[in-house]
Amino acid sequence: MVMIPVGWLFLAGRTPAQAMPATHKIDPLLHQRISASTPQTLIPVIVTLKQQADLKGLGSLSSREERWRHVVNSLKAQAESSQRGLRPFLQARQAQGQVAALTYYWVFNGLALQATPQTLEELAALPQVLSLRLERTFAAPEALVAQTSSPEPNLVQIGAPALWALGYQGQGVVVASMDTGVEGSHPDLAGRWRGGNNSWYDPYGEHSTPADLNGHGTAVMGVMVGDSAGGTAIGVAPQAQWIAVKIFNDRDVAEESKVHLGFQWLLDPDGKPDTVDAPHVVNNSWAFGAPGCDLTFQADLRALRSAGIMPVFAAGNLGPNADTSTSPGNNPEAFSVGAVDGGDTIAPFSSRGPSACNSSFFPEVVAPGVNIRSSDKQGGYSTLSGTSLAAPHVSGGVALLLSAFPDLTVGEQEQALITSAVDLGDPAADNTYGYGRIDLLSAYNWLAGHHPTATPTPVLTPTPTVTPTPTIYPPAVTPVFIFLPSVMR
């Protein structure tokens, strides 16, 4: 029997007879950790509360700005209301040294903290608490390795230059990356950073301006918005602006609590609901490293979608077998992207479905992800492979479509990409290619014929020149894969 302080009972609104430990709310791994810990040990935990914001009723809101305000205000109001009663208890325990590293969230209604076993059991007994789970960390993708190689015609393969010729290059659109960071001084990326104090977020506090010691995030951003400083165009949407969250620290480790903070920051980068500064799409070229369904970030992704932010995820590099879908990319709220080579053949490493979360097709679509030339750290370039490179083709493609049709909902963006995709593999959708390889010109044409509003007048800007070259695979050379991180407990 856990002794429960009277002061806490008053805050929880329960009598001593009612206040029994709710150990069923504590997940098995946390149970094990508590059992193996001393009474003074501070254990890192994620707490989820029962009452989550109702994000329905957005159908009557016609503009992206209205939907965004509704979502952000609803999330913040729900968190403030249900967390208010917890704060005195947690502050008292903090003063006693039984709680540390306390962070409150509104992107989902919950908190992260380090607490003693008794405090955790007290929290579990609170009626407003849904669950307690041991916080996890996971490793960053491997650093990029420079190679000498001709650029792939990957931008031509998805039809990006055709939209550039119509005047749509991503202008007016903001893309975001959740990754190892971005080298902000790279000549292909420096001019496209939005800038200001609402365009870079490092939850670890290691870098006050865009930085990337790993290189993975710099390559991903190059595929989305890179220019042509290296002699060829490398980015799908070269006129879009970018912002970024560095979810991996300088030791290439991501903490679950910091990832939640990253998603929360994306919803309201300047912390002012009166200014609409959230991105239109966020690219996530990372995943947990084993197949299966993990809904850790489902509430975060649901909030992003409701606010009009499309969450794009790399499918994972766990192929070629079936049933190798990874989370969060296989969550129902995510849009997953597999990888094909220059000849539209599935890459052997690309993860396959069905989704472990809902048995639907996985991935949704595929995009080029073999021998992709992009920006690298120290101002250089590399040629790399992986679904990490395939996903930003979709994120950049969304930016091009939003240049033409600014008020598209996330559902309309997905429908356009899926409906217009080039069918590969089995007829219709399958669990290798999904609905097929994205075709941005076909997606644009489909939207022009189906979207209820008139096609916007193009804003003409100089079009980068792309000179396609044949795909060359050196004999007996294995492509350099960008591996997605594995879970570490």
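Asp439 is linked by a side-chain hydrogen bond (donor to acceptor under 3.5 Å, both in side chains) to Ser442, counting only residues two or more places apart in sequence or in another chain. Partners of Asp212 under the side-chain hydrogen bond (donor to acceptor under 3.5 Å, both in side chains) rule, at least two apart in sequence or in another chain, are Thr180, Thr218. Taking Asp430 as the reference, nothing meets the side-chain hydrogen bond (donor to acceptor under 3.5 Å, both in side chains) condition, with sequence neighbours excluded. Applying the side-chain hydrogen bond (donor to acceptor under 3.5 Å, both in side chains) rule to Thr103 yields no partners; only residues at least two apart in sequence or on another chain are considered. Considering only residues two or more places apart in sequence or on other chains, Thr209 meets the side chain to side chain contact (heavy atoms under 4.5 Å, CB included) condition with none of them. Remark: Glu255 engages Lys258 in a salt bridge (charged side-chain N to carboxylate O under 4.0 Å, His left out) (not counting sequence neighbours). With sequence neighbours excluded, the residues forming a ring-ring contact (aromatic ring centres under 6.0 Å, His included) with Tyr201 are Trp265, listed by chain and number. Every residue was checked against the ring-ring contact (aromatic ring centres under 6.0 Å, His included) condition with Trp68, not counting sequence neighbours, and none meets it. With sequence neighbours excluded, the residues satisfying side chain to side chain contact (heavy atoms under 4.5 Å, CB included) with Pro273 are Val72, Asn73, Lys76, Asp268.
Sorted by first and then second residue, the disulfide (SG to SG under 2.5 Å) pairs involving residues 298-393 (not counting sequence neighbours) are Cys293-Cys357. The ring pair (Phe, Tyr, Trp, His ring centres under 6.0 Å) analysis of residues 317-337, with sequence neighbours excluded, yields no pairs.
No cation-pi contact links Arg352 to Phe362, judged by a cut-off of 6.0 Å to the six-membered ring centre and 45° from its axis. In this structure, Arg136 forms a cation-pi arrangement with Phe288, its terminal cationic atom sitting closer than 6.0 Å to the ring centre and no more than 45° off the ring axis.
In this structure, Glu333 pairs ionically with Arg302, as a charged nitrogen and a carboxylate oxygen lie closer than 4.0 Å.
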Using atom types as modelled, flag every donor-acceptor pair under 3.5 Å from a side chain in residues 394-401 to any protein atom, sequence neighbours excluded.
from	atom 1	to	atom 2	distance (Å)
Ser395	OG	Asn283	OD1	2.8

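A distance of 9.5 Å separates OG1 in Thr296 from CZ in Phe108, rounded to the nearest 0.5 Å.
Between Phe297 and Trp286, the two ring planes are perpendicular [angle over 60°; tilted spans 30° to 60°]. Below 30°, between 30° and 60°, or above 60°: for His186 and Tyr381 the angle between ring planes is above 60°, a perpendicular geometry.
Ring centers of Tyr204 and Phe248: at least 6.0 Å apart, outside the cut-off.
Formation of a donor-acceptor pair under 3.5 Å by the Thr387 side chain with backbone atoms of Ala314 is not found in this model.
Under the 4.5 Å side-chain criterion, counting only non-hydrogen atoms from C-beta, His216 is not in contact with Met221.
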